[in-house]
Each structure stands twice: as structure tokens, then as C-alpha cells.
Amino acid sequence: MAAAPPHVAYVAERFYDDEAPPPSTVGFTAWLRENLFSSPLNSALTVISVTLLALYLPGLFQWAVTHSVWNASSLRECRAIMDASFGEGVRGACWAVINERFMQLIYGFYPSALRWRPNIAFVLLLIAMIPVLFETMRSLLWIAGGGLAIKAATTVVSLAQGDGFGPLQSPTTYFMVGALVLAYFFGGREHRRKWLILSALFPVIAYFLLWGGAFGLDRVPSSRFGGFLLTMIIGVTGIAASLPIGIALALGRRSDMVFIRSISVMFIEFIRGVPLITLLFVASTLLNYFLPPGTEFDLILRVLIMVTLFASAYMAEVVRGGLAALPKGQYEAADAMGLTYWQSMRLIILPQALKISIPGIVNTFIGLFKDTTLVAVIGLLDPLGLTNPIRADSNWNGIVWELYGFIGFVFFLFCWGMSQYSMFLERKLRAGDRR
Amino acid sequence: MKTKLLIGALALAGAGAASAQTLDTVRARGVLNCGVSTGVAGFSYIDADGEWDGFDVAVCRAVAAAIFDDPSAVEFTPTTGATRFEALNSGEVDMLSRNTTWTFSRDVDLRLEFVGVNYYDGQGFMVPASLGVTSAMELDGATVCIQTGTTTELNLADFFRANNMSYEPVPIETNAEAQQRYLANACDVYTTDVSGLAATRSTFEDPSAHVILPEIISKEPLGPVVREDDPAWVNLVRWVFQGLIIAEEKGVTSENVAELASAPTDDPETNRLLGTEGAFGEMLNLTNDFMVRAISAVGNYGEIFEAHIGVDTPVGLERGLNALYTDGGILYAPPFR
């Protein structure tokens with residue numbers, strides 16, 4: 001380098017500290033500006049939304065919380081309590097109906113002495129799901145721990161009421177403790193395969209737990225199933241079975257073999273062309289005409305088959321979209337490496353195609369889960385179907401918002417959970433694209 | 001036409017499939033399969049213990065008690081308006097006891113058999129008392145909440161046309177929706193079967209602020225239904241049901257039935273009913289005291305009525321047409337002999 005330039009107007013002699021950014025670009029103000037008042041239209045929308053919330057939230061809060069009644073045996077009693085404690089004519093939510101019918105909404109008519117069986121099946125379902133959904137069993141620690149905490153809380157309540165240690169001494173508790181210990185010691189990545197064996201066995205275990213009839217478990221007929229138990233059975237079976245069938249159908253539809261392709265196309269187009277309710281009607285009534293007299297073909301099983309077939313057809317089209325989105329080069333590269341058809345599918349094509357299809361797949365899952373409420377049309381008493389006979393009880397006749405609100409809330413929790421998981425999975429799998 | 005043929009063929013196939021010997025099938029199964037509605041206030045509902053109960057449900061329990069001596073030996077299948085006859089014809093249920101109107105086409109075309117009428121209903125109107133309306137003839141120009149796709153919709157149109165009046169329909173889907181719309185003053189009038197109106201009104205904060213107008217514009221005889229392909233089964237259900245009405249006529253109640261059945265009384269028909277005289281139960285392939293079991297399980301017709309939908313219940317229905325013919329109603333069971 002040569003000497004310094006002859007004339008320099010200004011030279012910094014030291015490092016200056018960073019100036020604080022303008023107040024309007026950091027912190028709360030910036031967040032407000034960016035998210036709520038970024039344009040005149042956004043500002044107007046914000047003002048309108050806040051006004052609406054301010055108008056209605058306090059009323060909703062008052063209705064749902066401050067002026068609600070939790071303990072009553074009928075709507076009339078609810079109203080009397082509200083008149084007495086909040087003033088004449090003041091009305092709030094009568095959650096007493098949920099309080100009284102909670103177990104019914106969860107288990108339907110499942111015998112109360114045997115309800116530990118669906119409980120264990122549910123915990124087992126969570127355990128079986130974790131190795132499929134995550135790489136380690138760490139989440140199981142949280143789930144089992146949370147479950148035990150709830151159990152402990154109910155026990156404290158029961159002790160306070162002088163009912164003793166009842167809630168804690170149930171098969172579910174021992175089961176959760178066992179799961180917790182196993183997950184702590186054998187929850188690592190290296191043991192995942194063993195847990196996956198459990199996942200594969202889960203359908204059989206769950207069947208015998210729920211319906212019984214073997215291993216000394218009393219038989220529970222299908223007519224005793226109802227409420228969210230039924231929703232879970234139909235939803236989980238449909239979700240778990242429709243993905244593999246859907247993938248098979250999607251591959252079949254893109255197959256070079258005419259027979260397989262035409263079968264797949266016909267199946268998919270037929271199922272997609274018929275409303276689910278029609279299929280359910282066929283399952284519930286029409287099928288009886290074709291079966292030999294005296295055949296006992298379980299109604300829930302029939303519905304399960306129909307719902308699964310229905311979801312599979314949609315799943316097939318979602319997966320086909322993912323397959324079509326892959327560049328042709330991927331297929332050709334797989335062939336060039338000398339992989340067989342199944343190897344190329346398993347190692348190259350499907351991992352990429354399924355990743356692309358995640359939003360669509362979860363969309364179908366959520367749709368399927370909500371479609372389970374349609375079984376009410378053929379007289380199976382899912383939670384929504386239960387609202388009718390509950391409201392027909394003269395004690396609760398006239399109640400509307402509380403029941404539907406509660407059921408809607410539970411459905412929201414499930415569907416929201418599914419969409420959260422899909423977002424987690426997308427983030428995790430996007431790692432490859434960030435290179 | 002093609003579909004009609006298809007349905008006919010299916011019905012025939014079903015008839016063949018489910019045919020005769022229903023009683024043997026029920027006995028072998030150990031429970032009666034009974035179709036009920038998915039929930040009508042007072043008529044069929046689920047109580048806090050998860051048991052079905054109600055006016056219609058009691059008929060199923062009576063039949064189960066007559067066969068098995070156990071009113072809980074019933075498997076209830078909730079059926080909707082759309083699935084009820086399919087469920088019956090396909091053999092999924094042995095009998096239906098769910099507010100079903102006895103009509104010509106159901107009786108003849110659908111090959112069903114109505115074993116009697118357990119509730120004489122009819123379509124009526126409910127209006128807020130503040131309107132000051134006292135007769136349906138004053139409803140010209142009213143907005144009416146009406147369930148779409150039902151016979152009530154057709155009856156309403158007929159009634160207004162016959163009386164040269166106009167109305168504005170507010171279409172609704174379910175009774176629950178109707179309650180909300182009516183209370184929100186979306187319509188001046190709510191019309192459906194009177195029993196439904198009474199049940200709806202009973203849930204209002206102030207039932208006395210609403211009146212049910214005296215005009216009844218249709219006949220809705222509701223009754224239990226069975227398939228017509230098994231006469232023995234038809235007879236069994238019919239006579240268990242009629243027996244409940246005769247029991248009320250003869251003053252046999254769930255309380256005194258054991259005493260009356262212990263020894264022949266002075267009244268021959270009571271004796272025949274309770275099996276202390278003659279062998280009527282055996283003709284139905286049951287034991288002679290089948291009505292004793294049915295009555296002690298659910299009570300006579302009047303007891304069932306009062307327990308589920310009578311004036312002392314929230315539904316609060318008067319006996320009206322459903323009183324015995326001796327009390328000014330039209331309930332009239334054939335003689336038990």
C-alpha cells in the first residue's frame with residue numbers, strides 16, 4: 001500500500017458503540033406496527049377486530065365462567081341457582097350437564113366397571129404412536145408424567161372429600177408407572193425398533209382390550225360403544241389404515257400394469273364419487289340384505305371398513321400428487337442405480353413424495369377425524385349423536401350451547417394437535433432443503 | 001321405477017332373510033333388539049346412568065319382560081327417520097318403538113305391521129301469548145317455523161290454502177334449531193306435533209308466556225311397528241302392547257299385579273290377562289303369566305304415560321285423546337278372550 005491520501009476530511013479514531021435502533025423498529029411498538037398497523041387497511045381491520053372483541057369477550061367470559069353453574073341435576077335447577085346467586089333473569093352456562101354426562105360423552109355405554117380397559121388402550125395408543133411419530137421415547141415421559149399428575153390431583157380431591165385413595169389404585173395408574181419407568185431406561189434412539197414392534201401389535205391388543213372375549217376379559221358388545229371412545233376408534237383406525245392403503249393405491253394408479261392400474265382407478269374414482277353418508281348407509285342397512293340370515297356382522301366393524309376405504313381413496317390422490325411433483329430425474333436416477341421397483345420406491349421416491357404431501361395427508365386425517373361425526377346419521381352414538389338423547393332427557397331438555405360447545409372444544413384440541421404435529425414434521429424434514 | 005323395483009327386490013330378499021321364527025331368534029340371542037328414536041323428549045332418552053328410558057322405550061321393555069322376565073334384556077338401536085324402516089326390514093331390529101305415524105303406504109307398501117297406537121298425536125301451533133292469538137284462523141300472514149321435508153310441512157300448506165290464508169315459512173332442520181329460532185322471534189308461530197310443542201314449551205324459561213292453539217290440523221297415530229312376515233311375532237308384540245291398555249282399563253297396576261295374579265279374581269278378563277284363567281300366553285308361545293311380567297316391569301299404559309310424559313312430568317301432556325274410551329279418550333283395546 002502507498003502512503004496515506006493527501007487530504008482526508010474525516011477519520012474515525014476509535015470504534016463507536018452501536019447506536020440503539022430507532023424506538024419504532026424494536027420491541028412492542030415495532031411488533032404492533034409490523035403486525036397490526038402495517039397499512040391503512042390493516043389498521044382499520046385491527047380497530048374493528050379489537051372493538052368486536054371488546055364488545056363480545058366480556059359477555060362470553062361472563063356467560064362461560066363467572067355466571068356458570070357446575071353442580072345441578074337439571075336445567076331448571078341451574079336456572080334457579082342462577083336466579084338465586086347472580087340475580088333474577090341473569091343467565092350463564094349450565095356446565096352441570098357436562099359434569100353429569102361427562103363419562104357418557106367419553107365412554108358411551110361402556111360398563112363403568114370395565115372403563116379401565118379403554119383407558120389403558122388409550123395410554124397404549126399414545127405409547128404406540130410415539131415411536132412412529134418421534135425418534136425417541138422422550139415424549140412418553142411427559143405424557144405418562146402428566147397422566148400421573150392428573151391422577152394425583154384427582155386423588156387429592158378425593159382425599160379431601162374423604163373418599164380415600166380410590167382414583168390412584170386403578171390399573172391405569174400401575175400401567176402408567178410401568179410405562180414411565182420403561183421410557184426412562186429404554187427410551188433412547190437405539191431401542192426404537194423394539195417399541196415399533198409394540199406399535200405393530202397395538203391393533204390386536206386394543207381389539208382385545210376394548211371388545212374383550214379372550215384372556216379372561218369380559219366381552220363388551222359393540223352397542224355399548226359410544227361417545228369419544230367411538231370417535232377415537234373410528235378416527236384412529238381410519239387414519240392408521242388409510243395411509244398404507246392410500247400409498248398402495250397411489251402407486252397402483254401410476255403402475256404400468258394395466259390390470260392393477262385400472263383396478264386402482266376404478267376404486268378411487270368410485271369411492272370419491274360417492275358421499276360418505278351413502279357408504280355409511282350401505283354399511284348399516286343395505287349390507288344386511290346380502291348377508292345370509294342370522295349373520296352377525298358387527299356394525300362398528302362395517303363402519304370402520306367403509307370409513308377406511310373412503311379415506312384411502314382421498315389419501316391415494318394426495319400421495320399421487322406428491323409422486324407427480326417429484327422430478328422425473330429422481331425416478332430415472334433410481335433406475336440407473338439398478339434398484340428394483342420396491343427398493344427405489346422405499347429408498348428414493350416415497351420419502352420425498354410423502355414429505356411433499358404432508359400438508360395434504362394431515363388435511364385428510366383431520367377431515368376424516370371430523371367426518372366420524374357422520375356416524376350419528378346411522379344411529380351410532382358418537383358425541384354429537386349423544387347430544388340428542390341427552391337433550392331429550394326432560395332434565396336437560398332445552399340445553400344447546402354447553403353440549404355442542406364442549407364437544408366442539410374437544411374436537412378442536414384433537415385437530416389442532418394434529419396440525420401442530422404436521423408443522424413440526426415439516427420443519428424437521430425441511431432441514432434437507434436448507435443446504 | 002327401476003329403483004322402486006330394486007328396492008322391492010331387496011325388500012323381498014330381506015323378507016326372506018329375516019323371515020319367520022323371530023321369537024326363536026330372539027330367545028336364542030337372549031336379548032330383544034329394539035329400534036328407538038335418537039332422542040325425543042319424554043319418549044326416548046338416555047338417563048344419567050346411560051340407560052334408555054321413556055314412553056316409547058317402555059314398550060320395548062314390556063315385550064322383553066314378557067319374553068325373558070327381564071326388562072333390561074333389550075339392546076336398543078337408535079334409528080333416525082331415514083334408517084328406521086331399513087333397520088326393521090333388514091332384520092337389524094326385531095321391532096320399532098319410535099314415534100312412527102301409521103299410514104297406508106307404510107302399512108301396505110313397506111310391508112310393515114302397526115300393532116296399535118300408543119300415542120294419538122296431531123299437528124298444532126304454538127305462539128307467544130303476547131300476540132293475543134287464540135285461534136289458528138287468525139294466523140293470516142304469519143311467519144311460521146317449519147321443519148323441512150316432513151309431512152308437517154305439507155299439512156301446513158294444505159291448512160293455510162284450505163282456509164284462504166297466506167304465511168311465510170322459515171325453514172329449519174331440527175327441533176333444537178326451532179326452539180332457538182322461535183325464542184329469538186325469527187318466527188311468530190312454531191308448528192309440529194302437539195306432543196313436540198308441549199315438550200318444547202316445557203323447556204322455556206317461562207312456559208306460560210306461550211300458548212298452544214286449540215286447532216289440530218292432522219292425524220298422527222304413533223305406534224310400535226314390526227315386520228309383517230312373521231304373524232306369530234306380530235301377535236306377540238300386539239298383545240303385549242294391547243295388554244298394557246287392558247291392564248289400565250281393569251285397574252291392574254305394577255303395584256297390585258302380583259296380588260291380583262296370585263289367585264283368580266272376580267273379573268274374568270283380568271284373570272285371562274294375568275293367566276290365572278285360560279291358556280292365552282301359551283298360544284303366543286309364552287307362559288300364561290306373560291302380562292304379569294310385563295306389567296310388573298313397566299306398569300300399565302296409564303302408569304307409563306304418567307311416568308314419562310304425563311302432567312306431573314316436565315313434558316306435561318294431558319291424556320286428551322289418549323285417555324281410555326271410558327274416560328273420554330279413544331284408547332280402545334280389543335277384548336282379551
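The figures here come from the full heavy-atom set of this structure, side chains too, leaving out hydrogens, waters and symmetry mates. Note on naming: letters A, B, ... go to the chains in the order of the sequence lines (proteins, then strands), and numbering restarts at 1 for each one.
Using a 4.5 Å cut-off between heavy atoms, B:E92 touches chain A through backbone and side chain atoms alike. Contact of A:L380 with chain B is not made at all, since no heavy-atom distance falls under 4.5 Å. For A:Y107, no part sits under 4.5 Å from any heavy atom of chain B, backbone or side chain. Residue A:I399 does not touch chain B at all, counting heavy-atom pairs closer than 4.5 Å. B:D53 does not touch chain A: none of its heavy atoms, backbone or side chain, sits under 4.5 Å away.
Chain A forms more heavy-atom pairs under 4.5 Å with one residue of B:F43, B:Y45, B:F204 than with any other, namely B:Y45. The candidate from A:R76, A:R91, A:R224, A:R391 with the greatest count of non-hydrogen atom pairs under 4.5 Å with chain B is A:R91.
Atoms CH2 and CZ, on B:W52 and A:F109 in that order, are 5.5 Å from each other to the nearest 0.5 Å.
Scanning both residues, B:T38 and A:P389, for their nearest heavy atoms gives O-CD, 2.8 Å. Closest approach of A:R101 to B:I46, counting heavy atoms only: NH1-O, 2.9 Å. In terms of heavy atoms, A:A392 sits closest to B:S44 at CB-O, 3.5 Å.
More than 12 heavy atoms of other residues, nucleotides or ligands sit less than 6.0 Å from atom OH of A:Y404. More than 12 heavy atoms of other shown residues, nucleotides or ligands fall within 6.0 angstrom of atom CD in A:E269.
Side-chain atoms of A:Q104 come within 3.5 Å of backbone atoms of B:D47 as a donor-acceptor pair (strictly under, hydrogens ignored).
Each of A:N388, A:L386, A:L381 was checked for a side-chain contact (heavy atoms from CB on, under 4.5 Å) with B:P78, and the lone residue meeting it is A:L381.
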